[in-house]
Novice: 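To start, I am sharing the structure in question, which I have written as structure tokens.
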Amino acid sequence: NLTAKLEGAFKRLSGQGRINEVNIAQTMGEVRRALLEADVNYQVARSFTNRIKDKALGTEVLRSVVPGQMLVKIVYDELVMLLGGASKGIKHSTRPPTVILVAGLQGSGKTTFCGKLALHLKQEGRAPLLAAADVYRPAAVDQLRTLAAEVDVPVYALADDTGAVIQDAPRVATEAVAAARKNARDVVIIDTAGRLHVDATMMAEVADIKQRAKPSEILFVVDSMTGQDAVNTAREFNNKLNFDGVVLTKLDGDARGGAALSIRSVVKKPIKFASTGEKLSQLMPFHPDRMARRILG
Amino acid sequence: VRGKATVDDAVLDELEEVLVSSDIGVKTTVTIIRHIQERVAKDRYLNTKELHALIRDEIARLLHQRPRATAGNSFESTPHVILVVGVNGVGKTTTVGKLAHRYRQAGCSVVIGAADTFRAAAIEQLEIWARRAGASLIKQRHGSDPASVAFDTVQSALARSTDVVIIDTAGRLHTRTNLMDELAKIKRVIDRQLKGAPHEVLLVLDASIGQNAVHQAAQFTRSVDVTGLVITKLDGTAKGGIIIGISNDLEIPVQYIGVGERVEDLQVFDAQRFVAALSI
Ligand SMILES: Nc1nc2c(ncn2[C@@H]2O[C@H](COP(=O)(O)OP(=O)(O)OP(=O)(O)O)[C@@H](O)[C@H]2O)c(=O)[nH]1
Ligand SMILES: Nc1nc2c(ncn2[C@@H]2O[C@H](COP(=O)(O)OP(=O)(O)OP(=O)(O)O)[C@@H](O)[C@H]2O)c(=O)[nH]1
Ligand SMILES: [Mg+2]
Ligand SMILES: [Mg+2]
């Protein structure tokens, strides 16, 4: 683990004597390596490590008998601070219904998260409506309907009289909001198709959905096993949508989750939820301290 | 003798950044850089352009695992059975559809097995893909035993002399022992039913996955002896560098790459093209 590696590094460098400023700078390589192995973005890891070095030089690390342990504590505290902070909840609209737009890359866990969020809001005493605005993926509407039925939440979807999905996502979204108002549903959760940040047409579509459905909350759903590319997608989606928060999924796996730090550093938006399994009940608020420990392995 | 025999630290730093940023991983990056340093010590290099060519060559060497014969229409034995596995959301079901289409284009008859009996609307999703590809589909009711679906699919292929069987499975995290055991059971059932089957076990990896792919590959190989890798979503900006270390360390060839969401968006893996796209 990182503590052992740092202790070992300090012992080698100082030869059991007193460590000095140069030793601290030399062990930053170990810290950076640990972050890279945890999938933290290369440049984020570099600037993070530089910040850690400055902090370490100004503290008790130099005088400590367990400098490795002290240094890890500094790294941990800095991670917790960077990962945490800022609002965790959904920003509800002053004039119902609250509209929540859910977006992200293909396969990140959006549709499942929509089901989870619907259950979570129901448990809070609200009356959610799910909008099936993924009009492309085969059986996406069926998937949302199946999940919605599990938690007894209605779905708004558009199909023609042959049962074929009407491929107009912005229309589904805006009509769902109108339907919510009409049927006293106080939250609308819009599930959208997975899309690449480099697909101009699809990015224009989700921007259009935002413009017309006027969500008070936009959530960016990210797979916690994402690697270096996390900053590119987060930055692009944030430029297009200025999202309010991030949802990290598949945290029940053993991915270290460095993407969380990368995204937080680059777009500076809060991580609001953690999805921890395939069941709709497996949704938690995001815990920065648990994430910090996970990233450090 | 012209040229340099060592690489300056500044250049090494830049190389490390390019490689790690492609998700090649620290361990494999260190290996590549060490090999490069050995090579230039021996053969020298003139400029950065030459150095980058050496790196691309070194990566191509690590991707030396030759893909097995892919989507043609001659098999050692028929039916040719393919089991498709991987963690949640990587693109298995879509890849099954694309693969079926590819075999159909080559003139083969294809039957798909809907062995994801767990996830919401998984069977409905696969039904649409089977129709798009012109393949038949074997399914049972939602919640049934996936091994039983796999059995039925191979049975149908034997009865109807179908050329290719492609079995879709539910996404599962490699950390779930019970789900990995379920997968091993699916493979056992197929093997008992038809000697040598499944002839291919394809592990599907998403190009945007980071180092966790290494654990996925190790665990899936332990459970069902993966014979080939498929890397999807290369139409995004993720480089998919994780396959370099995995392919080399586990000695598994990359068979196909997914480059989009349409039925024709599957390509046979080409190491040279992949390396060229790493922008090194
Ligand atoms: N283990 C685990 N699996 C999850 C989690 N969230 C979602 N999944 C699974 O991940 C897969 C993809 O989930 P979806 O909800 O279909 O993802 P999506 O983002 O809607 O996919 P597209 O609409 O195709 O972009 C499914 O197999 C889900 O059951 C999670 O927190 N843990
Ligand atoms: N851009 C792009 N998207 C892809 C590619 N392959 C699959 N997808 C998309 O990724 C999402 C997930 O694909 P699925 O085929 O449902 O993935 P899966 O592995 O079967 O998912 P589970 O069964 O839930 O584990 C869908 O939106 C697909 O359209 C690809 O090569 N490029
Ligand atoms: Mg979806
Ligand atoms: Mg699937």
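Naming convention: chains lettered A, B, ... in sequence-line order (proteins, then strands); numbering from 1 in each chain.
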Novice: Using a cut-off of under 4.5 Å for heavy-atom pairs, which of B:Thr94, B:Val26, B:Thr175 has the most such pairs with chain A?
Specialist: B:Val26

Novice: Only pairs of heavy atoms separated by less than 4.5 Å count here; which of A:Gly107, A:Ala38, A:Gly194 has the most with chain B?
Specialist: A:Gly107

Novice: I need the residue from A:Glu37, A:Arg137, A:Gln43 with the largest number of non-hydrogen atom pairs under 4.5 Å to chain B.
Specialist: A:Arg137

Novice: So what's closer than 4.5 Å to chain B heavy atoms on A:Asp252: side chain, backbone, both or neither?
Specialist: both

Novice: Top residue by heavy-atom pair count (under 4.5 Å) with chain A, among B:Gln211, B:Glu127, B:Lys27?
Specialist: B:Gln211

Novice: So for B:Arg176, is it side chain, backbone, both, or neither that comes closer than 4.5 Å to the heavy atoms of chain A?
Specialist: neither

Novice: Nearest heavy-atom pair of A:Ala139 and B:Ala121: which atoms, and what distance?
Specialist: O-CB, 3.8 Å

Novice: Relative to chain A, which of B:Ser21, B:Gly97, B:Ala122 shows the most heavy atom pairs under 4.5 Å?
Specialist: B:Ser21

Novice: Ignoring hydrogens and geometry beyond distance, is a side-chain donor-acceptor pair present between B:Glu261 and A:Gln106 at under 3.5 Å?
Specialist: yes

Novice: With a cut-off of 6.0 Å (strictly less than), are more than 12 heavy atoms of other residues, nucleotides or ligands near CZ of B:Arg132?
Specialist: yes

Novice: Among A:Thr146, A:Asp39, A:Leu196, who wins on heavy-atom pairs under 4.5 Å with chain B?
Specialist: A:Asp39

Novice: About how many Å separate CG of B:Asn88 and OG of A:Ser108, when rounded to the nearest 0.5 Å?
Specialist: 12.0 Å

Novice: Which bit of B:Val87 is near chain A, if near means a heavy-atom gap under 4.5 Å: side chain, backbone, both or neither?
Specialist: side chain

Novice: Under 4.5 Å, heavy atom to heavy atom, which residues of residues 149-166 of chain A contact chain B?
Specialist: none

Novice: Please test A:Gln228 against B:Ile242 for side chain to side chain contact (heavy atoms under 4.5 Å, CB included), starting from the C-alpha separation and ending with a verdict.
Specialist: CA-CA 11 Å; A:Gln228 298 289 313; B:Ile242 40 149; over 6 Å; no

Novice: Examine whether an atom of B:Val18 lies under 4.5 Å from a heavy atom of chain A, and if so say whether it belongs to the side chain, the backbone or both; otherwise answer neither.
Specialist: neither

Novice: Any luck finding a side-chain donor-acceptor pair between A:Asp229 and B:Thr237 under 3.5 Å?
Specialist: yes

Novice: Got a second to check how far B:Asp206's CG is from A:Thr226's OG1, nearest 0.5 Å?
Specialist: 7.5 Å

Novice: Return the CG to OH distance between B:Leu19 and A:Tyr42, rounded to the nearest 0.5 Å.
Specialist: 9.5 Å

Novice: To the nearest 0.5 Å, tell me how far A:Lys250 NZ sits from B:Leu173 CG.
Specialist: 8.0 Å

Novice: Using non-hydrogen atoms and a 4.5 Å limit, figure out which bit of A:Arg195 sits close to chain B: side chain, backbone, both or neither.
Specialist: neither

Novice: Which heavy atom of B:Gln125 sits nearest a heavy atom of A:Pro138, and at what distance?
Specialist: CG-O, 3.5 Å

Novice: In terms of side-chain heavy atoms, does A:Asp254 have a donor or acceptor partner in B:Asn212 at a distance below 3.5 Å?
Specialist: yes

Novice: Is it true that atom NZ of B:Lys185 has more than 12 heavy atoms of other residues, nucleotides or ligands lying nearer than 6.0 Å?
Specialist: no

Novice: Counting heavy-atom pairs under 4.5 Å with chain B, which one of A:Arg145, A:Arg33, A:Gln143 comes out on top?
Specialist: A:Gln143

